[in-house]
A.B. asks: 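The structure is given below, and queries will be raised subsequently.
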Amino acid sequence: MYLQKKETILIVDDSKFQRAIIKEMLGEHFHLEGATSGEECLMILEKSSHLIDLVLLDLVMPGIDGFEVLRRRQTMDAFKDINFCRCI
């Protein structure tokens with residue numbers, strides 16, 4: 001029997017409702033992690049970027065928003081192998 005590793009998606013959204021909807025839709029097929037802010041996203045990626053395959057990123061959040069996360073992505077080695085999907 002061949003077991004395939006589930007890819008890990010980091011869901012970054014300040015809306016608990018949005019995170020719950022995405023988890024409901026994707027949870028069966030992917031391992032999901034969550035972050036409630038750009039700051040938390042950056043902390044997770046700095047520590048565990050090797051475990052994250054894709055980031056679903058809300059652009060409009062208080063504090064460090066999705067646009068700033070994407071700007072910082074360009075200068076940080078932790079982001080080089082991670083795909084981002086910008087969500088509004």
Side-chain angles (χ1 to χ4, degrees):
M1 183 169 145
Y2 176 73
L3 295 177
Q4 185 176 0
K5 173 194 168 277
K6 285 187 175 182
E7 288 84 8
T8 299
I9 298 175
L10 175 60
I11 302 165
V12 184
D13 199 311
D14 59 321
S15 168
K16 184 177 182 178
F17 178 74
Q18 291 287 17
R19 290 191 314 274
I21 294 291
I22 294 169
K23 286 180 180 182
E24 180 69 27
M25 291 172 37
L26 301 177
E28 184 178 331
H29 305 288
F30 300 94
H31 176 73
L32 302 173
E33 296 293 331
T36 61
S37 67
E39 294 89 347
E40 187 177 2
C41 171
L42 293 170
M43 280 189 342
I44 290 170
L45 292 174
E46 286 175 359
K47 294 179 182 178
S48 305
S49 64
H50 61 286
L51 300 174
I52 306 295
D53 297 298
L54 176 71
V55 176
L56 293 179
L57 180 63
D58 182 12
L59 295 177
V60 181
M61 297 181 287
I64 295 178
D65 63 12
F67 294 107
E68 182 61 25
V69 170
L70 291 172
R71 276 191 282 281
R72 292 183 187 196
R73 174 185 184 220
Q74 296 174 356
T75 62
M76 298 176 71
D77 287 338
F79 294 107
K80 67 180 178 178
D81 295 326
I82 299 174
N83 295 305
F84 277 74
C85 179
R86 294 166 287 204
C87 303
I88 297 176

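Quick caveat, the model's predicted, so the values are computed rather than measured. Every heavy atom of this structure was used, including side-chain atoms; hydrogens, water molecules and symmetry mates were not.
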A.B. asks: Rounded at 0.5 Å granularity, tell me how far CG in L42 sits from CZ in R73.
C.D. replies: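 Spacing of CG (L42) from CZ (R73) equals 12.0 Å.
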A.B. asks: Of all the heavy-atom pairs spanning E46 and M76, show the shortest one and how long it is.
C.D. replies: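 Between these two residues, the closest heavy atoms are OE2-CE, 3.0 Å.
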A.B. asks: As a test of understanding, state which of V60, D58, L59, L56 forms a side-chain contact (heavy atoms from CB on, under 4.5 Å) with D13.
C.D. replies: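 Going through the options one by one, the only one that passes is D58.
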A.B. asks: Give the cluster check for I21 versus I9: same hydrophobic cluster or not, with ILVMFWY residues linked at side-chain heavy-atom distances below 4.5 Å.
C.D. replies: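 The answer is yes; both residues are in one hydrophobic cluster.
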A.B. asks: Please determine whether residues V55 and F67 belong to a single hydrophobic cluster, defined as Ile, Leu, Val, Met, Phe, Trp and Tyr linked transitively by side-chain heavy-atom distances below 4.5 Å.
C.D. replies: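 They do share one cluster, since a chain of ILVMFWY contacts under 4.5 Å joins V55 to F67.
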A.B. asks: Supply the atom-to-atom distance I52 CD1 to E7 CD, rounded to the nearest 0.5 angstrom.
C.D. replies: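 I52 CD1 to E7 CD: 12.0 Å, rounded to 0.5 Å.
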A.B. asks: About how many Å separate OG1 of T8 and NE2 of H50, when rounded to the nearest 0.5 Å?
C.D. replies: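 Taking NE2 in H50 and OG1 in T8, the distance rounds to 10.0 Å.
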A.B. asks: Determine whether I64 and R72 make a side-chain contact, defined as any pair of heavy atoms from C-beta on separated by less than 4.5 Å.
C.D. replies: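 Yes, their side chains come closer than 4.5 Å.
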A.B. asks: Write down the atom of I44, the atom of G34, and the distance for their closest heavy-atom approach.
C.D. replies: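 The pair with the smallest heavy-atom distance is CD1-O, 3.8 Å.
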A.B. asks: Is the backbone of E33 close enough, under 3.5 Å, to the side chain of K23 for a donor and an acceptor to pair up by distance?
C.D. replies: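 Between the backbone of E33 and the side chain of K23 there is no qualifying donor-acceptor contact (under 3.5 Å).
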A.B. asks: Roughly how far, to the nearest 0.5 Å, is the CZ atom of R19 from the OG1 atom of T36?
C.D. replies: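 T36 OG1 to R19 CZ: 6.0 Å, rounded to 0.5 Å.
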A.B. asks: Of the non-hydrogen atoms in G66 and L57, which two are nearest, and what is the gap between them?
C.D. replies: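 In this case the closest contact between G66 and L57 is O-CD2, 3.5 Å.
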A.B. asks: Testing the basics here: between K6 and F30, what is the closest heavy-atom pair and its distance to 0.1 Å?
C.D. replies: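 Nearest pair, atom of K6 first, then F30: CD-C, 4.0 Å.
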A.B. asks: State, to 0.1 Å, how close V12 and S37 come at their nearest heavy-atom pair, and which atoms those are.
C.D. replies: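 Answer, listing the atom of V12 first, then S37: CG1-O, 3.6 Å.
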A.B. asks: Looking at C41 and L10, what are the two nearest heavy atoms and their distance?
C.D. replies: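 Taking every non-hydrogen atom into account, SG-CD2, 4.1 Å.
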